[in-house]
Amino acid sequence: MKNFDSIPASAPVTPLLDRVQIPEDMREFSNTELLQLADELREYLVYVVGQTGGHFGAGLGVVELTIALHYVFNTPEDRLVWDVGHQAYPHKILTARRDRILSLRQRDGLSGFPSRSESPFDTFGVGHSSTSISAALGMAMASKLKGEDRKHVAVIGDGAMTAGMAFEALNHVAGSGADMMVVLNDNNMSISENVGALSSYFSRMWASPLYNQIRQKGQKVLSKVPPASEFVRRTEEHMKGMVSPGTFFEEMGFNYIGPIDGHNLKSLVDTLQNLRELKEPILLHVITEKGRGFTPAEEDPIAYHALSKIDPAPKKPNGKPKLPKYQDIFGQWLCDMADNDARLVGITPAMREGSGMVEFSRQFPTRYVDVGIAEQHAVTLAAGMACENIKPVVAIYSTFLQRAYDQLIHDVALQDLDVLFALDRAGLVGEDGASHAGAYDISYLRCIPNMLVMTPSDENECRQLLTTGYHHRGPAAVRYPRGSGPGTEVQKELTSLPIGKAIVRREGEKVAVLAFGTVLADCLAAADSVNATVVDMRFAKPIDEALLSKLAKTHTHFVSVEENAIAGGAGSGVLEFVSRAGLGVKAICLGLPDSFQHQATRDQLLADAGLNPESILEQINAL
């Protein structure tokens, strides 16, 4: 297999891949041709991600698995469901989208994740993890109800088996009588690394038609003799348990096969062809290597989980210092606060690097907790810690906290427990699209009693509001965006701000622009042209009602601006107060529309939503 020491600058020569528009085109290929196809697909994938950016390592690891699945199963008639979506780029290339693959993650281009609206081969839309088994089971049960004969395969991996939802689905499969297969893509992010000659031998044996005929017929005969049937079942169970981690899955009601080498294409095809004839719940355990075929990604799969677009002509340094990202501001604050308070514990659901917690995990290893992809558990774990006078800080993406909404309400807020949520990736995230956009956190947090909701406008205010939330006794959340801020100098002190107090950043007349969060800079830019007042609101809950009452005496209009859904957002809170207090001013809300905004650059999406300076000014002038 080739190793590529750099990202190709131009499209590689791929004679076999050129012949594959849909999976059916490769189903007559010989074993030798399939191996060549795998090499070509891997090299082409390296080129594509170098051009577009996006998830990288997981896709390289499933090249052979993707080919084998589409070779053996009659997709899309047979349903193939991918988990997480990180693994799906090779799938997209093989399923009639190669001619559009360089539009990946761009406006009007291909999504970075499977999308039902994009292709019939994308049977289920995905971006968050651990949904594949539930979705495939639902499809299998529907096929059974309708009397349709098709196969259903869920491919789960890249750590997704750590989530409780996956196990809830596993628990349901056996009792459903569904004809489906779960492919566990074990890329060293979860479960076992047990690969060897003996386990491979038993895997081939357990998948063979002869073994399964004997097994099924034996079960029918021995079912009339319960003691003998139980003896045979336990013997088989212990044989498998000696050479594989499959006992757990067998107890869940699956016929466990594996582990097998996920880069041995012939073995994969042979095994899948044998298993395709079985009509029972099957779990195939496949070992793959994340980043396979690209040396840097093999050596550092975490760093090469995703790539930024490679610029063929890198810009020369301009001498300006690189601005820190908000996640870096949070990471430094977390270390500083941990130095200051031994009660602090940092919790992440498998996002240490993305949330800026690497240094904290090194400096405070006993106070760093990574629960895996298990957001619900992370929140209730924090609640339990708070019950014992520990101060948990849950670092979690805005879009991922959606998955733990009941725990947030029932386990934290209802009991008024002292938990701080650091919500990264709040607002738009550009090329990652709707599944990762933190467009709803103000709305879903603001309606929860006991919640304190903070919206910093720059890096220093982010540090101050994190400190404010930390010292607040009760549930609190600080939302901040992806990427870097305006470059505001960050003070070293751990300073709290008065809760619920806004600050006027620009004195004007008639129109008061109420900025929630990092939209402040654009609001200031727009206000200069019309001499409007600009207020840095800082808090979405509670809002500064005293300041709004004061401003209502000298202004005719309030214009709230937020990078959050208008429905139920901070602007809704302003409208509620204006109505309740009878302030007599007219108020309008600017924010994200009542629709999902798909992949594009962040600037394009802000312009679409009317949240750039030009659009804000235009809407103020229209008052």
Note to self: Testing the basics here: between L547 and D544, what is the closest heavy-atom pair and its distance to 0.1 Å?
What the structure shows: N-OD1, 3.1 Å

Check: Are any side-chain N or O atoms of R505 and backbone N or O atoms of L520, one a donor and one an acceptor, separated by less than 3.5 Å?
Finding: no

Checklist line | Intermediate values then yes/no, side-chain contact (heavy atoms from CB on, under 4.5 Å), V574 and E562 | finding: CA-CA 12 Å; V574 172; E562 60 191 300; over 6 Å; no

Item checked: Taking every non-hydrogen atom, the tightest pair across A166 and A160 -> CB-O, 4.0 Å

Item checked: R473 atom CZ: more than 12 heavy-atom contacts under 6.0 Å -> no

Check: So, for G469 and M454, which heavy atoms are closest and what is the spacing to 0.1 Å?
Finding: CA-CE, 3.6 Å

Check: For D594, does the CG atom have more than 12 heavy-atom neighbours from other residues, nucleotides or ligands under 6.0 Å away?
Finding: no

Next item on the list: Indicate the ring-plane relationship of H128 and H436, choosing parallel, tilted or perpendicular according to the 30° and 60° boundaries.
Entry: perpendicular

Next item on the list: Please tell me if the side chains of F330 and V393 come closer than 4.5 Å, counting only heavy atoms from C-beta onward.
Entry: yes

Next item on the list: Give the intermediate values and the outcome of side-chain contact (heavy atoms from CB on, under 4.5 Å) for residues I396 and M351.
Entry: CA-CA 7 Å; I396 187 169; M351 295 305 297; over 6 Å; no

Check: Ignoring hydrogens and geometry, is there a side-chain-to-backbone donor-acceptor pair from R403 to S129 under 3.5 Å?
Finding: yes

Next item on the list: Enter the distance from E461:CD to I329:CD1 here, rounded to the nearest 0.5 Å.
Entry: 13.0 Å

Note to self: Using a 3.5 Å distance criterion without hydrogens, assess whether the side chain of N621 forms a donor-acceptor pair with backbone atoms of E618.
What the structure shows: no

Notebook entry, point to check: Taking R506 as the fixed residue, which of T533, D536, D528 is the one that meets the side-chain hydrogen bond (donor to acceptor under 3.5 Å, both in side chains) rule?
Noted result: D528

Item checked: L494 vs Y470 side-chain heavy atoms within contact, under 4.5 Å -> no

Item checked: Side-chain heavy atoms of N612 within contact of D603, under 4.5 Å -> no

Check: Would a 4.5 Å heavy-atom cut-off, applied to side chains only, mark V126 and S132 as touching?
Finding: no

Checklist line | Interatomic distance, F558 atom CZ to L514 atom CG [nearest 0.5 angstrom] | finding: 6.0 Å

Notebook entry, point to check: Just by modelled atom types, is the F113 backbone N or O under 3.5 Å from a matching donor or acceptor in the K92 side chain?
Noted result: yes

Notebook entry, point to check: Roughly how far, to the nearest 0.5 Å, is the CZ atom of R479 from the CG atom of N564?
Noted result: 5.0 Å

Check: Do E563 and R602 have side chains that get closer than 4.5 Å, going by heavy atoms?
Finding: yes

Note to self: For a 4.5 angstrom cut-off between non-hydrogen side-chain atoms, does T399 reach R425?
What the structure shows: no

Notebook entry, point to check: Would you call the rings of F596 and H598 parallel, tilted or perpendicular if under 30° counts as parallel and over 60° as perpendicular?
Noted result: tilted

Notebook entry, point to check: Does E459 use its side chain to pair, donor to acceptor, with the backbone of E489 at less than 3.5 Å?
Noted result: no

Check: Could you walk me through whether F421 and V379 pass the side-chain contact (heavy atoms from CB on, under 4.5 Å) check?
Finding: CA-CA 9 Å; F421 296 91; V379 173; 4.0 Å; yes

Check: Is a side-chain donor or acceptor of R107 paired with a backbone partner of T601 at a separation under 3.5 angstrom?
Finding: no

Notebook entry, point to check: Heavy-atom distance under 4.5 Å between the side chains of M165 and S134, does that happen here?
Noted result: yes

Next item on the list: Verify, without hydrogens or angle tests, whether Q619 (side chain) and L590 (backbone) share a donor-acceptor contact under 3.5 angstrom.
Entry: no

Checklist line | Separation of S119 OG from R100 CZ (nearest 0.5 Å) | finding: 10.0 Å

Check: Y480 and D424: side-chain contact (heavy atoms from CB on, under 4.5 Å), yes or no, with the steps?
Finding: CA-CA 5 Å; Y480 47 89; D424 198 347; 3.7 Å; yes

Notebook entry, point to check: Taking C-beta and beyond as the side chain, do S103 and D108 meet within less than 4.5 Å on heavy atoms?
Noted result: no

Checklist line | Heavy-atom pair with the smallest gap, counting every atom of L592 and A439 | finding: CD1-CB, 3.6 Å

Margin query: Test side chain to side chain donor-acceptor pair (under 3.5 Å) on D411 and T380; report intermediate values, then the result.
Written below: CA-CA 6 Å; D411 298 340; T380 304; 2.6 Å; yes

Notebook entry, point to check: Just how far is it from atom CZ of R97 to atom OH of Y89, taken to the nearest 0.5 Å?
Noted result: 12.0 Å

Note to self: For the backbone of L102 and the side chain of Q106, can you confirm whether one donor and one acceptor N or O come within less than 3.5 Å of each other?
What the structure shows: yes

Notebook entry, point to check: Would a distance-only check, ignoring hydrogens and angles, find a side-chain to backbone donor-acceptor pair under 3.5 Å from R352 to S361?
Noted result: no

Margin query: Between Q87 (side chain only) and W82 (backbone N and O only), is there a donor and an acceptor less than 3.5 Å apart?
Written below: no

Note to self: With a 6.0 Å cut-off on the ring centroids, do Y368 and F364 count as close?
What the structure shows: no

Note to self: If I compare all heavy atoms of V535 with all of A502, which pair ends up nearest, and what's the gap?
What the structure shows: CG1-CB, 3.7 Å

Note to self: Please find the pair of heavy atoms, one from E507 and one from N531, that lie closest to each other, and give the distance.
What the structure shows: O-OD1, 3.9 Å

Item checked: Reported CD-to-CD distance for the pair Q599 and Q604, which is rounded to 0.5 angstrom -> 10.5 Å

